[in-house]
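Throughout, protein chains are lettered first and strands after them, A, B, ... in sequence-line order, and every chain is numbered starting at 1. Just the heavy atoms: all of them, side chains too, but no hydrogens, waters or symmetry mates, feed the values below.
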There are 2 protein chains.
Amino acid sequence: MNKKERTENSAECIKGMQAINDTMQLLSGKWKFKIVGALMKHGKLRFMDLLREVDGIAAKMLSKELHELEINLLVSRTIMNTKPVTVEYELTKHGQTLERVINEIEAWGLAHRKLIIQPMKK
Amino acid sequence: MNKKERTENSAECIKGMQAINDTMQLLSGKWKFKIVGALMKHGKLRFMDLLREVDGIAAKMLSKELHELEINLLVSRTIMNTKPVTVEYELTKHGQTLERVINEIEAWGLAHRKLIIQPMKK
DNA sequence: GAAACTAGTTTCCCAAAGGAAACTACCAAC
DNA sequence: GTTGGTAGTTTCCTTTGGGAAACTAGTTTC
């Protein structure tokens, strides 16, 4: 490997680390994955639906997390012209691209449970 | 969908959520992904190597995170018979299976940066 | 006009996460 | 015997994350 290749390789490394940071920052915390998961499974959901669907979350946290997801263009927020007003939350097209990531994380978790957690109990 | 199917579907849902929790618990925090990433790229690394390689980490955190990764059988710790003693950390076979997860997270982060972060600057 | 639903916000508090610096302990080289 | 390398641990402190409950505000139904 010559100097140019090493420099490029190092740059790739840093870029990759940065990319991992980007993703994890958007999805860090106790609730983001669960909210995205709920929206992935049900499509559109209103605030109160999410409050019921995401087990254990408080209104404050739901509100805060939805804001952050909206700012990052992963979730859209639509105020409906109903009485009383309802608000629909939905994954954006960009938000839907998280499916592959979430599937991998889920698959690894299942495998880990089979390989490590279950055998430990016996 | 009959009652049995609904029950099974709901059980699948819960299992999937649990799997996501399992994975994220093991890899939560500011440093775990970076440590695993460093070991994935370099193979074996000693404590001081990691301290230098993982940018910004303090000895306390590195020590704590390595313990947790070791307990969860993702990283192995080998004391070498050298003077002064050195310790080699390495991903276990199980730890190496994280590669697909990390690749997806990295790929999504890169795409996100191209789609959302870069255009915002212009 | 009181109760109940919508969608949040605000306040106050606690626990967990994380950082900086000092410290232990062993060994080698100078 | 002092400096410097190995691999950590300990202490003390600040920041962040998160939870419970009360509160705003508009609308509808009884």
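Clustering of Ile, Leu, Val, Met, Phe, Trp and Tyr side chains at separations under 4.5 Å places Met120(B) together with Leu73(A), Leu115(B), Ile116(B).
Taking each heavy atom of Lys114(A) and Pro119(A) in turn, the nearest pair found is O-CD, 3.1 Å.
Of the possible donor and acceptor atoms, none in the side chain of Thr97(B) sits under 3.5 Å from a partner among the backbone N and O of Lys93(B).
The stretch residues 24-35 of chain A comes close to DNA chain D through Gly29(A), Lys30(A), Trp31(A), each having a heavy atom under 4.0 Å from the strand. Contacts between residues 40-53 of chain B and DNA chain C, defined by a heavy-atom separation under 4.0 Å, are absent. For the segment residues 57-84 of chain A, residues with any heavy atom less than 4.0 angstrom from an atom of DNA chain D are, sorted by number, Lys60(A), Met61(A), Lys83(A), Pro84(A).
Both Ile79(B) and Leu69(B) belong to a single network of hydrophobic side chains, linked directly or stepwise wherever heavy atoms of I, L, V, M, F, W or Y lie under 4.5 Å apart. Linking Ile, Leu, Val, Met, Phe, Trp and Tyr whenever their side-chain heavy atoms come within less than 4.5 Å leaves Met40(B) and Leu110(B) in two separate clusters.
Rotation axes derived from the C1' atoms of the five outermost pairs at either end of the helix from dG1(C)-dC30(D) to dC30(C)-dG1(D) lie 20° apart, to the nearest 10°.
When DNA chain C is scanned in the 5' to 3' direction for atoms under 4.0 Å from non-hydrogen atoms of chain A, the outermost contacting nucleotides are dT6(C) to dT11(C).
For Lys41(A), the NZ atom is densely surrounded, since the number of other residues' heavy atoms within 6.0 Å is greater than 12.
Side-chain contact check for Thr86(B) versus Glu88(B): every heavy-atom pair is 4.5 Å or farther apart.
Ion pairing between Glu68(A) and Lys32(A) holds under the 4.0 Å rule for side-chain N and carboxylate O.
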